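Computed from a predicted model, the values in this text were never measured in an experiment. Letters A, B, ... are given to chains in the order of the sequence lines, protein chains preceding strands, and every chain is numbered from 1.
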Amino acid sequence: MPELPEVETARRGIEPHLLGQRIERLVVREPRLRLPVPSDLAGVLAGRVIEEVNRRGKYLLIRVSGGTIILHLGMSGSLRIVSPERPAERHDHVDLVLANGVALRFTDPRRFGLLVWTTENPLKHPLLAHLGPEPLDAAWDGAALWAAAKGKRVAIKGMLMDANVVVGVGNIYANESLFMAGIHPGRAAGRISLPRYLRLADAVKEVLSRSIEQGGTTLRDFVAEDGRPGYFSQSLKIYGRSDQPCLSCGGPIREIRQFGRATYYCPACQR
DNA sequence: CAACGGACCTGCCTGC
DNA sequence: TGCAGGCAGGTCCGTT
């Protein structure tokens with residue numbers, strides 16, 4: 001599920017249920033995530049109060065009195081607000097049970113997600129310290145991308161998905177952004193002009209923010225039950241559409257593999 | 001150093 | 001029907 005828009009949708013969905021709440025207890029049914037859930041975390045968290053719910057890249061940062069819970073959804077993670085009485089299913093690994101009678105339930109079949117604790121500045125945590133700029137920050141633009149690309153021969157799609165360069169752009173939105181900007185995903189990053197980078201950064205911002213808006217339309221569902229942001233209902237223009245007609249020129253969309261991941265592009269519209 | 005492949009883990013779909 | 005193989009929205013680590 002999660003690229004930046006899905007994580008932001010999750011953040012907005014859970015925030016009102018969490019803010020100001022005291023943590024009754026943490027229930028860890030399966031600690032074996034990408035990093036193990038610390039065995040003493042339940043004891044550490046009990047009684048603390050949630051003060052903020054932030055996001056950095058695809059990481060959720062739940063600030064409580066005296067520290068921060070760092071949460072990542074990996075490839076298959078999701079969050080729901082449920083009754084703590086609701087029986088846990090197979091991949092419901094962690095519940096954060098709150099004083100208002102709800103639980104934040106973390107589900108993750110593939111267990112690529114993680115949940116750790118820090119008392120330091122979470123932005124300096126080894127998981128986050130290396131992260132590049134937020135694409136939706138007003139200060140981030142195509143000039144930043146262009147500067148990062150200098151001398152690089154890596155394919156632009158690879159650079160766009162590199163969290164050191166810019167956070168939050170995963171496989172789907174990298175495909176969508178490059179299509180919108182008319183850039184071939186295999187083009188060497190260092191051989192793209194500044195004007196084209198300006199266009200690409202605008203495309204990234206537009207794709208991500210429009211997607212967050214769509215996620216917003218399903219927030220109610222998300223909070224109530226189904227935990228699923230608008231991802232599936234989204235109108236994807238290029239991703240997953242191999243051999244179908246390009247929405248711009250009508251020609252067939254091509255599928256290739258880059259860095260072990262599926263890339264879709266229109267050979268006529270993207271150069 | 002940049003760049004790439006592999007690893008982590010489960011579920012689901014396809015094709016034989 | 002059963003089973004093998006490939007693939008999935010992310011990230012880190014090791015090797016060239």
Checklist line | Modelled atom types, side-chain donor and acceptor of Asn164(A) and His130(A), under 3.5 Å | finding: yes

Note to self: The side chain of Lys58(A) is closest to which nucleotide in this list: dG9(C), dG10(C), dA3(B)?
What the structure shows: dG10(C)

Checklist line | Nearest listed nucleotide, side chain of Val154(A), among dT11(C), dG9(C), dC4(B) | finding: dC4(B)

Write down the distance separating the [atom1] atoms in [N] and [M], rounded off to the nearest Å.
N       : M      : atom1 : value
dA3(B)  : dG9(C) : P     : 22 Å
dT11(C) : dC1(B) : P     : 23 Å
dG6(B)  : dG6(C) : C1'   : 16 Å

Next item on the list: Hunt down the Watson-Crick or G-U wobble partner of dG9(C), both distances under 3.5 Å, from any strand shown, or write none.
Entry: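 Partner of dG9(C): none found under 3.5 Å.
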
Next item on the list: Quick one: look up who dC9(B) pairs with, Watson-Crick or G-U, both distances under 3.5 Å, and put none if it's unpaired.
Entry: none

Is the phosphate of [N] approached by [X] (side-chain N or O, under 4.0 Å from OP1 or OP2)?
X         : N       : answer
His91(A)  : dG11(B) : yes
Arg257(A) : dA8(C)  : yes
His72(A)  : dG10(C) : no
Tyr59(A)  : dT11(C) : no

Are the side chain of [X] and the backbone of [Y] linked by a donor-acceptor contact shorter than 3.5 Å?
X         : Y         : result
Arg55(A)  : Gly57(A)  : yes
Glu176(A) : Lys237(A) : yes
Arg48(A)  : Val44(A)  : yes
Lys124(A) : Glu120(A) : no

Rounded off to whole Å, could you give me the [atom1]-to-[atom2] distance for the [X] and [N] pair?
X         : N       : atom1 : atom2 : answer
Glu8(A)   : dG9(C)  : CD    : C1'   : 17 Å
Met161(A) : dG9(C)  : CE    : P     : 8 Å
Leu73(A)  : dC9(B)  : CG    : C1'   : 16 Å
Glu176(A) : dG9(C)  : CD    : P     : 12 Å
Leu114(A) : dG10(C) : CG    : C1'   : 10 Å
Leu33(A)  : dG10(C) : CG    : C1'   : 14 Å
Glu255(A) : dC7(C)  : CD    : C1'   : 10 Å
Arg111(A) : dG11(B) : CZ    : P     : 10 Å

Note to self: Quick check on DNA chain B: between Lys152(A) and Arg110(A), whose nearest nucleotide comes earlier from the 5' end?
What the structure shows: Lys152(A)

Check: Any N or O donor-acceptor pair linking the side chain of Arg90(A) to the base of dG11(B) at under 3.5 Å?
Finding: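 When only heavy-atom distances are counted, Arg90(A) does not reach the base of dG11(B) through any donor-acceptor pair under 3.5 Å.
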
Note to self: Angle between ring planes, Tyr239(A) versus Tyr264(A), binned at 30° and 60°: parallel, tilted or perpendicular?
What the structure shows: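 It falls in the perpendicular class, over 60°.
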
Notebook entry, point to check: Does the ring of Phe112(A) meet both stacking tests against the six-membered base ring of dC8(B): centre distance under 5.5 Å and plane angle under 30°?
Noted result: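 The ring of Phe112(A) is stacked on dC8(B).
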
Note to self: Under 4.0 Å, heavy atoms only, any strand: does Arg261(A) hit a base, just the sugar-phosphate, or nothing?
What the structure shows: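 Base, at least one base heavy atom under 4.0 Å.
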
Next item on the list: Pick base, sugar-phosphate or nothing for Ala262(A), based on heavy-atom distances below 4.0 Å to the nucleic acid.
Entry: sugar-phosphate

